[in-house]
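Just so it is clear, the structure is predicted and the values come from calculations on it, not from any experiment. The basis for the numbers below is simple: all heavy atoms, side chains too, and nothing from hydrogens, waters or symmetry mates. Proteins come first, then strands; the chains are lettered A, B, ... in the order of their sequence lines, and each starts at number 1.
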Amino acid sequence: MRLPPRAILALLLVGAGGGLVGDAGHVESGTTVYLKHGVPFIWHSAIWFVVAVAIGTVAVAELRLRVDPPRERPGGVNEALAGIAAVVGIYGLTAVVRHAALLPSTVLICALALLTWTTLGDGIPALICALAAAIAGTTLEAILAATDVAHYADDVNTLAGVAPWLPALYFAFGVVAARLGEIGTTRLR
Amino acid sequence: MRLPPRAILALLLVGAGGGLVGDAGHVESGTTVYLKHGVPFIWHSAIWFVVAVAIGTVAVAELRLRVDPPRERPGGVNEALAGIAAVVGIYGLTAVVRHAALLPSTVLICALALLTWTTLGDGIPALICALAAAIAGTTLEAILAATDVAHYADDVNTLAGVAPWLPALYFAFGVVAARLGEIGTTRLR
Amino acid sequence: MRLPPRAILALLLVGAGGGLVGDAGHVESGTTVYLKHGVPFIWHSAIWFVVAVAIGTVAVAELRLRVDPPRERPGGVNEALAGIAAVVGIYGLTAVVRHAALLPSTVLICALALLTWTTLGDGIPALICALAAAIAGTTLEAILAATDVAHYADDVNTLAGVAPWLPALYFAFGVVAARLGEIGTTRLR
């Protein structure tokens with residue numbers, strides 16, 4: 001691992017916390033429903049979801065460091081908090097638009113994901129991480145939907161059983177996890 | 001024309017694409033309805049609307065260059081994408097707020113238009129383009145509404161037959177088209 | 001007072017204007033209702049509310065200058081407008097989300113408040129002002145709710161009678177008022 005142990009720990013905590021808060025919004029708004037309850041739940045989330053987001057955060061951050069060395073000045077607490085706020089805010093917004101028209105909601109989330117990349121990403125390395133997260137995250141959730149583990153509401157599940165804005169949400173997540181990897185490896189060594 | 005041919009082509013494509021995506025959100029959400037269908041449609045939009053937005057994008061960009069030389073470092077792909085994402089995102093948001101209270105929705109769109117100007121504009125030259133776009137765009141759409149070519153939903157058409165947030169949307173469009181003019185004339189020469 | 005008289009005047013006007021616009025959105029959307037009407041009203045707001053926001057803006061700006069000297073280059077008109085747009089936009093958004101699920105709405109407002117701090121604040125001094133505004137503002141409104149002077153809608157008043165996003169709104173307000181204090185004392189002397 002290129003990530004130092006303290007950065008890994010911080011990323012696990014941030015990923016778990018962000019996943020819990022965002023997923024709670026999806027559950028409360030009826031955007032998603034867990035269909036299998038034979039596992040422990042933390043707040044509104046199945047424990048495996050929280051673990052997956054935590055590990056995914058570390059994986060993307062590690063990927064970022066393997067793609068390219070971190071930028072020279074990746075920032076500190078301020079930039080880390082801005083990134084976390086950006087992706088958790090977009091996560092919340094995907095639940096807030098629950099009953100709005102799906103097409104413009106998706107356009108809005110895509111636009112915000114793009115803005116996240118142009119403001120917090122460092123070009124190609126961040127783009128690689130964002131696309132990896134978008135493809136992996138959407139594919140995994142599509143499998144969960146197809147296997148009846150979790151369900152997206154019928155009026156939003158138009159993309160292989162998941163919401164059409166889901167790739168954009170994971171894209172923004174990938175940009176931010178990459179940035180946190182840059183910051184963490186520089187500041188938490 | 002001050003704009004080089006390649007920049008004009010790029011602006012036409014960006015304008016047409018942004019117009020298509022944004023207008024589709026308005027149509028899907030029921031914010032607007034086309035009343036005359038005797039013309040070709042592309043996706044959800046009458047072809048004349050797409051052409052008008054494309055030409056309007058070029059016109060505002062050209063206006064920007066006639067008002068004042070572009071700033072010394074207008075940016076590149078990153079700034080262009082950020083601008084496009086900003087205005088397309090606001091466009092989508094005007095459809096997302098379809099059933100929200102109209103006054104705070106308008107306040108929100110105006111605030112985002114102002115933020116677009118302070119972050120992407122270069123002061124007075126961008127302001128001139130933004131105001132020109134706001135006045136021309138709103139006037140044209142008010143004429144279309146008055147002549148029953150297109151219709152804004154009854155619960156949002158409180159400003160001369162169009163939505164009260166429409167000037168702010170065109171204002172943000174003007175800021176971004178001006179910025180794209182600066183970038184295009186510098187990078188696509 | 002550390003604030004020069006012209007800055008105090010500007011802050012009073014900005015605070016009153018922002019309070020009027022934001023409060024009108026809360027009233028129009030049914031987020032809040034005034035229960036006592038035995039006082040003069042300006043537009044949708046009881047006059048004491050407008051006065052309180054105006055004075056609160058000055059108070060937070062003054063607090064900022066007493067906590068720490070303003071940063072060396074606090075910015076000018078552009079940064080002031082960006083700050084005003086940020087907090088008025090968030091204020092409008094709290095009314096736009098009137099019928100969305102409360103948890104993700106609160107997450108979204110908190111994320112935007114955090115972004116306001118990381119982009120417009122100057123670290124600890126801005127944080128002190130933001131926390132002071134959040135605590136004082138929320139406490140005062142909770143008292144108004146408990147004494148039946150004003151009322152938050154039953155489906156949003158889950159935090160001591162007020163909305164759970166209210167501390168975040170005041171937090172953003174505190175960040176911006178602090179920044180306006182920095183700008184005002186430098187530019188309006």
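Nearest heavy-atom pair, B:Ala85 versus A:Ala111, reported as atom, atom and distance to 0.1 Å: O-CB, 3.3 Å. Of all heavy-atom pairs between A:Leu108 and B:Gly89, the closest is CD1-O, 3.4 Å. B:Ala24 and A:Leu103 get closest at one heavy-atom pair: CB-CD2, 3.4 Å.
Residue pairs meeting the salt bridge (charged side-chain N to carboxylate O under 4.0 Å, His left out) criterion with at least one partner in residues 124-139 of chain A, sequence neighbours excluded, are absent.
Chain A forms more heavy-atom pairs under 4.5 Å with one residue of B:Gly83, B:Ala100, B:Gly25, B:Gly22 than with any other, namely B:Gly25.
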Note each donor-acceptor pair with a separation under 3.5 Å, taking one atom from chain B and one from chain A.
| residue | atom | partner | partner atom | Å |
| --- | --- | --- | --- | --- |
| B:Glu28 | OE1 | A:Leu102 | N | 3.3 |
| B:Glu28 | OE1 | A:Leu103 | N | 3.3 |
| B:Asn78 | ND2 | A:Thr118 | O | 2.8 |

